[in-house]
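First the structure, then my questions, so here it is.
Numbers here are sequence positions counted from 1. Values reported hereafter were calculated over all heavy atoms of this structure, with side chains retained and with hydrogens, waters and symmetry mates removed.
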Amino acid sequence: MLTTGAKHVLLVCDGKPSMHPRAAEACAALSSASGDFGRLPVAQVFCTKEYNPVHVSATGVWEDRLVRFVGVYGNRCEMNAATGPVFAF
C-alpha cells in the first residue's frame with residue numbers, strides 16, 4: 001500500500017492486476033532496488049526550492065519480507081526525482 005498525502009494506492013508486482021497507474025514501471029524500479037525504497041535510482045533533475053512538503057509511506061511485502069518506508073520531500077518534484085514512478089499516482 002502506497003500513500004502520498006491523502007491518496008492511497010495498492011501496488012501489486014506479481015503479474016496480477018494493480019490499482020497503480022504506472023505499476024509496471026514502479027515494479028521495475030523497486031526490482032532494481034531489491035525492494036529497498038532508499039535505494040531507488042534518483043533522477044538528476046532541477047527542482048525549484050518551493051517548500052511544499054510531500055509525505056509518503058509504503059507498507060507491504062517484498063519477496064516474503066515486510067517492507068515499511070516513510071519519507072518527506074520538500075516538494076513533489078523532489079519526491080518524483082527520488083522515487084520515480086513508485087509514488088506517481
Side-chain angles (χ1 to χ4, degrees):
M1 178 63 68
L2 304 173
T3 303
T4 176
K7 295 181 183 179
H8 308 280
V9 71
L10 180 63
L11 175 64
V12 180
C13 291
D14 64 0
K16 295 179 184 170
S18 181
M19 306 267 318
H20 194 292
R22 295 174 61 189
E25 294 170 80
C27 291
L30 283 168
S31 182
S32 72
S34 299
D36 183 346
F37 287 79
R39 293 182 53 214
L40 287 168
V42 177
Q44 298 301 312
V45 297
F46 292 101
C47 295
T48 64
K49 295 296 180 183
E50 168 192 12
Y51 185 68
N52 189 11
V54 179
H55 298 260
V56 300
S57 66
T59 303
V61 177
W62 183 268
E63 295 182 356
D64 296 326
R65 67 179 155 82
L66 184 61
V67 175
R68 174 89 172 119
F69 174 77
V70 175
V72 179
Y73 301 95
N75 57 47
R76 187 161 285 281
C77 178
E78 291 178 5
M79 177 200 72
N80 289 333
T83 64
V86 176
F87 290 99
F89 56 87

How long is the span from the CE atom in M19 to the CE atom in M1, to the nearest 0.5 Å?
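The distance works out to 8.5 Å.
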Approximate separation, where rounding is to 0.5 Å, of L11 CG and R22 CZ
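It is 12.0 Å, given to the nearest 0.5 Å.
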Closest heavy-atom pair and its distance - A81, V45
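So the two residues come closest at CB-CG2, 3.6 Å.
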Taking all heavy atoms of P41 and all of A29, pick out the closest pair and write down the distance.
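For P41 versus A29, the nearest heavy atoms are CD-O, 4.4 Å.
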Give, for atom CG of L2 and atom NE2 of H20, the distance between the pair rounded to the nearest 0.5 Å.
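One gets 5.5 Å once the value is rounded to the nearest 0.5 Å.
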Keeping to residues at least two apart or across chains, list the ring pair (Phe, Tyr, Trp, His ring centres under 6.0 Å) pairs with something in residues 31-63.
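Residue pairs passing ring pair (Phe, Tyr, Trp, His ring centres under 6.0 Å), neighbours aside: F37-F69.
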Is it true that, when you exclude D14 itself, more than 12 heavy atoms of the residues, nucleotides or ligands shown sit nearer than 6.0 Å to its CG?
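More than 12 within 6.0 Å, yes.
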Taking all atoms of both residues into account, what is the closest heavy-atom pair of R76 and F87, and its distance?
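Shortest heavy-atom contact: NH1-O, 4.4 Å.
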Would a single hydrophobic cluster contain both V67 and V12, if residues Ile, Leu, Val, Met, Phe, Trp and Tyr are joined by side-chain heavy-atom contacts under 4.5 Å?
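Result: yes, single cluster for both.
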Has the side chain of S57 got a donor or acceptor atom that lies under 3.5 Å from a matching backbone atom of R68?
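No; zero donor-acceptor contacts below 3.5 Å.
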Looking at SG of C47 and OH of Y73, how far apart are the two atoms once the value is rounded to the nearest 0.5 Å?
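Between C47 SG and Y73 OH, I get 12.0 Å after rounding to 0.5 Å.
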Qualifying residue, where the test is side chain to side chain contact (heavy atoms under 4.5 Å, CB included) with T83 and the options are L30, T4, L40
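That would be L40; it is the only one of L30, T4, L40 passing the side chain to side chain contact (heavy atoms under 4.5 Å, CB included) with T83.
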With rounding to the nearest 0.5 angstrom, report the OG to CZ distance, S34 to R65.
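S34 OG to R65 CZ: 7.0 Å, rounded to 0.5 Å.
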Just verifying a value: how many Å separate S32 OG and R39 CZ, rounded to the nearest 0.5 Å?
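S32 OG to R39 CZ: 8.5 Å, rounded to 0.5 Å.
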